[in-house]
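For reference, the structure discussed in these notes is given below.
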Amino acid sequence: MADPTRLRNIAFVGPHHAGKTTLVEAVLAACGATTRRGSVADGTTVTDHEPECIAHAQSTQVGFAHAVADGIDLTIADTPGFIDFFEETKAALVGVDAAVVVIEADPSRIVQTQALIERLEAVRMPHCFVVNKMDRPGADFEATLRALQAAYGRHVVAEQWPIGAADGFTGYVDLAATQAFAYDADGERAIDIPSALAATVARARGELLEAMADFDDRLMEELLEGVEPSREEVDRDLCSECAHDQIVPVLVASGIAGAGTQALIRAMERWFPSPVDAPKCDAQGNPIPPVADAPAVLQVVKTTVHPQSGKLSIARIIAGNVKSDATLNNVSRNGEKVRLGGLYRLQGKKQDPLSQAGPGEIVALARLDSVATGDVLTSDGLQVALPRAIPDEPVFAVAIKPKERIDEAKISQMLARIVDEDPALRLTRAEITGELLLLGSGEQHVNIAVERLSRKYKVDVETAAPTIPYTETITTGTEVHSRYKHQTGGHGQFADVWLRFEPRERGSGTSFSESIVGGVVPKGFIPAVEKGVREALAHGPNGHPVTDLHVTLFDGAYHDVDSSEQSFKTAAGMGVRDALPKCGPVVLEPIVRVRAVVPSAYTSTVIAQLSSKRGQILGMNPADRPGLDVVEAFVPQVEMARYITELRTATQGLGTYSWRHERYDPVTTHRAGAKAAL
Ligand SMILES: Nc1nc2c(ncn2[C@@H]2O[C@H](COP(=O)(O)OP(=O)(O)OP(=O)(O)O)[C@@H](O)[C@H]2O)c(=O)[nH]1
Ligand SMILES: [Mg+2]
């Protein structure tokens with residue numbers, strides 16, 4: 001069992017493609033946890049081990065890795081940067097104590113860190129930035145640093161300054177230590193600060209000390225008096241202020257070249273808190289001491305299901321010791337008892353068995369079938385509520401249809417397992433069309449889930465945009481006479497009805513009444529007439545259910561021998577089919593109320609985009625948070641199929657939206673067979 005003061009649980013987060021997985025490879029190799037660095041392109045990295053990650057050369061779920069370095073026991077959660085997988089990142093952050101935010105050396109990409117940084121700030125998680133890909137042509141450290149400061153304040157401050165950029169990126173200056181290092185095959189070696197950089201280094205160091213002095217009166221006094229603070233003091237302040245999320249240091253790296261890893265490992269060890277320094281808190285904000293001789297408290301941060309070996313629940317042990325065959329209570333599910341089928345430490349897909357583990361460790365618990373991501377497990381009947389990451393509402397949907405001759409029940413059962421692995425997915429049955437819908441955080445999220453379904457459970461399905469539940473109605477009334485008469489050998493069939501059709505208000509549905517006088521249609525046959533009417537209204541002249549009308553049976557005739565329920569039903573149906581085309585039928589389409597939240601810079605683009613979707617803009621107002629606007633509009637549902645993708649494209653991935661059904665409106669030009677999401 002590891003000494004909790006030596007543990008560091010750290011998430012690597014940041015925008016898509018920033019180089020997180022590659023940098024994690026470099027860290028693992030530098031610590032000797034792997035013998036060679038894998039590559040994302042070749043599908044040989046530790047953390048992108050899932051076939052879907054390899055196929056798409058990107059992280060599609062969080063991957064865990066472990067290393068020992070400089071006396072610390074490091075567990076890394078490599079999170080996916082693509083916006084569709086943000087819920088994975090949110091869940092993983094619950095289990096770690098600090099975050100390394102990896103960004104490209106390109107100021108224009110800083111805006112994509114916004115949601116992430118808001119999340120880190122909301123949970124007051126210590127973090128640093130790594131300006132990565134410094135080897136790339138055009139890499140611009142200073143512009144990136146200034147963009148970070150403009151976005152997040154001057155407490156985001158350089159602790160390293162790069163020596164050179166692109167081809168010439170050869171090392172860095174440690175601003176706190178005032179020492180330069182050159183990268184070499186063994187990591188790095190100390191060198192003199194290049195004279196050309198001396199002035200820049202002095203200025204940058206001044207900025208670092210000033211930012212730090214905001215949290216340290218003594219340092220502030222020294223700076224005001226022009227006294228050079230001791231190296232130890234600067235070092236101590238930096239560790240403390242970073243661990244308390246006061247200072248956010250900025251480092252440099254080129255993960256692909258392995259440059260910057262040594263300093264990053266040192267930073268993780270020295271600046272970031274151990275589980276003992278920053279105990280996790282319960283839902284009321286009370287710290288839970290990470291002690292071994294206490295009842296166990298664990299929280300599941302990720303679930304994976306292997307079709308053969310079963311479920312693996314990756315959990316953070318918050319307190320207590322856990323043995324590999326422990327019995328625990330799932331307090332998130334009424335204290336249900338669960339027994340571990342094994343305890344492992346993860347190195348990508350590799351599972352190293354453990355006999356026990358202690359506070360602060362992130363471990364994999366085998367075969368806890370009823371346990372889900374976010375659940376809290378305890379021993380000794382302890383009741384604890386912990387904060388959990390609640391996934392946002394899904395914004396994209398597909399209808400799932402069997403590809404081969406496999407029944408829908410089996411598909412829903414297998415899909416339920418996929419959803420079990422990923423709480424941001426949702427499986428539902430569409431209300432009107434009855435289609436099986438898979439919903440998620442974006443097109444890629446849902447597509448990857450379908451790929452996973454095919455790979456893990458050999459279930460191939462077809463996906464399509466969900467069918468739009470169009471309806472029809474009438475605009476004028478009419479009266480029809482319908483007589484059904486049929487003679488076949490013995491008994492004949494006879495029924496005669498007069499029906500009146502009248503439009504009703506939108507949203508009022510269909511209704512039926514009768515005003516038969518003198519028993520011209522016997523009472524016993526009237527329900528059959530209503531049934532015939534309602535069945536025929538299920539498919540109007542345009543093939544959609546007919547709604548918002550009233551039908552009255554007001555006259556008719558019958559035959560003592562030949563009339564039957566069936567013949568009245570048939571006559572009524574014929575009457576409906578005859579009448580509807582004469583009543584000015586129109587197709588109605590569902591209209592949704594859309595609420596998009598977008599950065600103000602994109603508001604006009606988003607309004608134009610919604611207008612081009614036949615949207616009726618209802619208003620535009622500042623959101624609760626500065627810099628964001630809320631745009632509201634009524635939009636035909638059929639236009640919304642790929643809206644989340646279009647909205648993200650138009651807003652650098654920053655826009656979000658929610659929707660709800662509003663009403664049905666007549667379609668001016670009916671787009672027969674048109675489909676849409678949700
Ligand atoms: N030039 C250069 N390319 C890099 C560096 N690090 C990563 N790359 C490349 O950038 C691409 C993305 O790298 P990844 O490591 O997958 O990035 P990521 O942040 O994990 O991406 P997601 O997990 O999909 O968000 C790959 O093609 C890498 O080879 C770097 O330091 N320099
Ligand atoms: Mg990755």
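Residue numbers count from 1 along this sequence. Counting convention: from 1, in listed order, for ligands and their atoms alike.
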Check your understanding: Going by distance only, is there an N or O of Gly19 that falls short of 3.5 Å from an N or O of ligand 1?
Key -> yes
Review point. Taking the six-membered ring for Trp, is the centroid-to-centroid distance between Phe396 and Tyr643 below 6.0 Å?
Key: no
Point to revise | Test item: side-chain donor near acceptor, Tyr183 and Ser254, under 3.5 Å | key: no
Exercise for review: Identify, for atom 29 (O) of ligand 1, the protein heavy atom at the shortest distance, and state residue, atom and that distance.
Suggested key: Ile256 CD1, 3.4 Å
Review point. Nearest protein heavy atom to atom 21 (O) of ligand 1, by residue and atom, and its distance?
Key: His17 N, 3.1 Å
Exercise for review: Can you sort out which atoms of ligand 1 are near His16, meaning under 4.0 Å from one of its heavy atoms?
Suggested key: 22 (P), 24 (O), 25 (O)
Check your understanding: Taking both backbone and side-chain atoms of Gly14, is any N or O found less than 3.5 Å from an N or O belonging to ligand 1?
Key -> no
**Study point:** Phe141 ring center within less than 6.0 Å of Trp161 ring center
**Key:** yes
Check your understanding: Is Leu74 close to His66 at the side-chain level, that is, under 4.5 Å between some pair of heavy atoms?
Key -> no
Review point. So, Thr79 and the Mg ion (ligand 2): N/O/S under 2.8 Å, yes or no?
Key: no
Check your understanding: Closer than 4.0 angstrom: is that true for some heavy atom of Ala41 and an atom of ligand 1?
Key -> no
Point to revise | N/O separation below 3.5 Å, Lys20 to ligand 1 | key: yes
Point to revise | Option nearest atom 23 (O) of ligand 1 (shortest heavy-atom distance, choices Ala253, Ala57, Ser59, Ser39) | key: Ser59
Point to revise | Distance filter under 4.0 Å to Arg136 heavy atoms, resulting ligand 1 atoms | key: 1 (N), 2 (C)
Practice item. Using a strict 4.0 Å cut-off to heavy atoms of Ser254, name the atoms of ligand 1 that fall inside it. Key: 31 (O)
Check your understanding: Using a heavy-atom cut-off of under 4.0 Å, does the side chain or the backbone of Asp48 touch ligand 1, or both, or neither?
Key -> neither
Review point. Nearest 0.5 Å, what's the CZ-CD distance between Phe181 and Glu188?
Key: 5.5 Å
Review point. Side chains of Pro126 and Asp97: closer than 4.5 Å at any heavy-atom pair?
Key: no
**Study point:** Modelled atom types, side-chain donor and acceptor of Thr21 and Ser59, under 3.5 Å
**Key:** yes
Check your understanding: Looking at atom 14 (P) of ligand 1, what's its closest protein heavy atom, distance included?
Key -> Thr22 OG1, 3.6 Å
**Study point:** Salt bridge present between Glu50 and Arg455 (N-O < 4.0 angstrom)
**Key:** yes
Exercise for review: Could you check atom 10 (O) of ligand 1 against the protein and tell me its nearest heavy-atom contact, residue, atom and distance included?
Suggested key: Lys133 NZ, 2.9 Å
Check your understanding: So, for atom 26 (C) of ligand 1, does the protein have a heavy atom nearer than 4.0 Å?
Key -> no
Check your understanding: Going by distance alone, is a donor N or O of one side chain under 3.5 Å from an acceptor N or O of the other, for Glu104 and His17?
Key -> no
Exercise for review: With atom 16 (O) of ligand 1 as the reference point, say which of Val24, Asp78, Val40, Leu23 has the nearest heavy atom.
Suggested key: Val40
Check your understanding: Which residue, Glu393, Glu88, Glu87, forms the side-chain contact (heavy atoms from CB on, under 4.5 Å) with Ser441?
Key -> Glu87
**Study point:** ligand 1 atoms in contact with Asp135 (distance to a heavy atom under 4.0 Å)
**Key:** 1 (N), 2 (C), 30 (C), 31 (O), 32 (N)
Exercise for review: Test Glu269 against Arg8 for salt bridge (Lys or Arg N to Asp or Glu O under 4.0 Å), laying out the working first.
Suggested key: CA-CA 7 Å; Glu269 178 201 352; Arg8 298 292 182 277; 5.8 Å; no
Check your understanding: Is Thr21 close enough that one of its N/O/S atoms sits under 2.8 Å from the Mg ion (ligand 2)?
Key -> yes
